[in-house]
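Just below is one structure, and these are the notes that go with it.
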Amino acid sequence: MLRPLASLLALVALVALGCSGKTSSTPAPAPCVDDASSRAFSLAGQCVRLTGARVRSAGSWKPLALSSIGARTIGSSAIGLSVSAAAPAEAFELTLKAPGGSAIQQQGFQSWSFSGAVQIPTSVPMGADGAIAAKAAATGDPADEVAGVSYGAALIGDPGGGSALAVGATSSAVASTAIAATGAGAPTITVLYGATREPLPASAGQVAASEIVLAAGAANAPLATLASEIGKALPSTARPPRRAVGGWYSWNQLFDKVTEADVTAHVDLVAAELLPKGLPLVEVDDGWEVAWGDWRANPKFPSGMGGVGKAITDKGLKAGVWLAPFLVDVGSDVAKGADPSVFVQGADGKPLQHQPTGSPNRYYVLDGTNPDAMKLATDPIATLATFGFTFFKLDFLYAGAIPGVRKDKTATGIQALHAGLSSLRAAMGDGAIFNACGAPIFPLLGHADSMRIGSDTANAAVALLWSDVVFAARNTAARSFLGPLVWLDGDQTQVRDPYTAEEARVSALVAAMSGPAYALGDDLRALPPDRLAIALDPEVLDLAGADAPAVPLDPLEGPTDTIYISPILDAFANPASTGAPPPTRFAMKGKSGASYALTFGWTDVHSVSVTK
């Protein structure tokens, strides 16, 4: 199911092991053996201890015997832990002790969440039941995420590129997994499966957690091992990701004011300027529809989406379109005319209303387990496919996992998300490319071809911010290990004012570091030729055509003590700079086969140095 790991592993090999500098008189470490209160695992020279296990049932936590935890050896550097309990079981928790580490590379729950190196805190928020307060899967909102709590995977160690420990779940088929690290030095690691607090469904009287992999090694190597195990655990229905396609997107300058005239003007520009560079996509983003959930062209698109699709494809270009398929505006005609049972219900028996942060609108949520519900999204998508649209940017996908009452009352939010995604995938057609956005990262693996791994790099009514570029680079660094499983999408590059020419070059290279999803977000009609030349520089395009994303040489470099849930908040707190700089050094192999070293200045000097 995976693209070859060779490219990624070759780049990982560029990261040298650190030398301890200790003399032969240094006392030998204590033997890594079980004791009365823990099980010990020796992984690539690290001794990791399993110190506790428990299951939550009927609302209260009960201990599990450590001897009941299954352990599967994965080479000499990794192990897989498995845990199960008799139904009913609602969540599982494992407690581990790492031999060292001052930083955690945490993964946010979804595309827009902060992901990067964080100083391990002394504590993390706890829920009323005494477990880590992992709320993001329940709300989908990055505002609920906190420093020290990671979703799906985490890397724990010290800056410097030396030995590190990766902890992660091999599957997100049923529930999300939250991982917390507390107490730098010899941190305590807590792994919580079932983080949404939804009861886990029983199978033959037993409830099992996803296997938890512990992998040790230098720098990026443990995460590469984890990615390999995730790939092996994907279901047989998972599809290899189609190679991502780049070009031009309407959102990052035109936003929801986009018109048919804007799009048709860009068809000619993309055909003339971008298609010869291997960037054939024209993507029509939010602003074309009557309302979210009412996926018909509005009066700004008088030819309808059939006419727009034909105008794009007649030029030999790829037609792309945006939808938020799980959400239906409560004021739309579709919402008013629908049977309320197609929407996710609350405990009061009424349809839930979801209001994304910063949005004035409220939305009903489609039930992914109900085929009649999903037809409100799949029928319009299938129609768009007949119009020639073969690239679908599906947004706000976290909404499909929001907990609530569905037709299948045994399904968790994550299971409902999977069911809905399968319906959406089928509606697009076999040859389509599925670009996921606002997406729970790990549950989308095996569904999406390409996936947004960071926040928007431009925002309506706000000038371009340096922190937008920084955010994209930081999330690319943290999520580069997923390259064998999905094509990364760091969002579009913007090279227009007010960026300086050097900042524009950094913006272009940061977007290119994700790989072939590379696209432009400026209004090409107003972009000066010298700025367009920056975006289409041969070196940038060589990187953008690579088979694997850039990897950071030191993934735990410069850990922050504060996470920023959006670039705007970062810019507000740190004008013209950033409070959470990404790694400064990256390695990447271009489409040509040339190896590149990229060194960035993120704070005082906004710059990049590229060498082959």
Side-chain angles (χ1 to χ4, degrees), residues 103-120 136 142 145-157 159 161 164 219-220 223 437 441 451-459 464-483 488-494 503 506-515 517 543 549-574 576-588 598-608:
I104 175 173
Q105 185 195 74
Q106 72 177 58
Q107 297 290 328
F109 176 67
Q110 55 125 307
S111 299
W112 309 319
S113 306
F114 175 101
S115 293
V118 176
Q119 295 175 16
I120 292 177
E145 300 183 33
V146 297
V149 177
S150 189
Y151 290 88
L155 183 69
I156 296 153
N220 297 284
L223 288 173
C437 191
I441 296 298
M451 181 158 39
R452 274 283 298 280
I453 46 77
S455 185
D456 287 8
T457 54
N459 296 276
L464 292 178
L465 300 169
W466 176 246
S467 53
D468 291 326
V469 178
V470 171
F471 201 108
R474 184 174 54 237
N475 277 35
T476 298
R479 292 171 166 168
S480 62
F481 74 100
L482 297 173
L488 304 191
D489 174 8
D491 202 26
Q492 290 76 66
T493 179
Q494 282 71 239
E503 288 172 337
V506 174
S507 172
L509 286 166
V510 165
M513 287 198 307
S514 293
L543 291 170
V551 295
L553 299 192
D554 180 3
L556 294 170
E557 179 184 353
T560 181
D561 60 359
T562 304
I563 70 169
Y564 295 93
I565 62 173
S566 78
I568 295 175
L569 292 181
D570 190 0
F572 179 80
N574 306 281
S577 186
T578 175
T584 56
R585 297 178 301 144
F586 291 79
M588 190 174 185
L598 298 93
T599 303
F600 293 91
W602 299 119
T603 52
D604 295 337
V605 179
H606 303 168
S607 64
V608 61

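Side chains included, hydrogens not; waters and symmetry mates left out as well; all remaining heavy atoms used.
- For Ala478, the side-chain contact (heavy atoms from CB on, under 4.5 Å) test picks out Gln105, Gln107, Ser115, with sequence neighbours left out.
- For the ring pair (Phe, Tyr, Trp, His ring centres under 6.0 Å) test, residues two or more places apart in sequence or in another chain that qualify with Phe109 are Tyr151.
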Practice item. Go through Ile441 and Met451 one step at a time and tell me if the side-chain contact (heavy atoms from CB on, under 4.5 Å) criterion holds. Key: CA-CA 8 Å; Ile441 296 298; Met451 181 158 39; 4.1 Å; yes
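- Donor-acceptor pairing under 3.5 Å is lacking for the side chains of Ser577 and Thr603.
- The shortest non-hydrogen separation linking Val510 to Ala472 is CG1-CB, 3.9 Å.
- The salt bridge (charged side-chain N to carboxylate O under 4.0 Å, His left out) search around Arg452 returns Asp456, Asp491, not counting sequence neighbours.
- Applying side chain to side chain contact (heavy atoms under 4.5 Å, CB included) to Thr578 and the options Asp570, Val469, Leu465 leaves one that passes, Asp570.
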Review point. Can you list the steps and then say if Ile453 with Thr476 is a side-chain contact (heavy atoms from CB on, under 4.5 Å)?
Key: CA-CA 7 Å; Ile453 46 77; Thr476 298; 3.5 Å; yes
Practice item. Determine, step by step, whether Asn574 and Tyr564 satisfy the side-chain contact (heavy atoms from CB on, under 4.5 Å) criterion, reporting the C-alpha distance in whole Å, the side-chain angles of both residues, the deciding distance to 0.1 Å, and the verdict. Key: CA-CA 11 Å; Asn574 306 281; Tyr564 295 93; 3.1 Å; yes
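- Residues that satisfy the side-chain contact (heavy atoms from CB on, under 4.5 Å) test with Glu503, not counting sequence neighbours, are Trp466, Tyr499, Thr500, His606.
- Partners of Phe114 according to the ring pair (Phe, Tyr, Trp, His ring centres under 6.0 Å) rule, which considers only residues two or more places apart in sequence or in another chain, do not exist here.
- Side-chain contact between Phe481 and Asn220 is absent, with no heavy-atom pair separated by less than 4.5 Å.
- The nearest pair of heavy atoms linking Gly454 to Trp112 is O-CD1, 3.5 Å.
- Residues meeting the side chain to side chain donor-acceptor pair (under 3.5 Å) test with Asn475, sequence neighbours left out: none.
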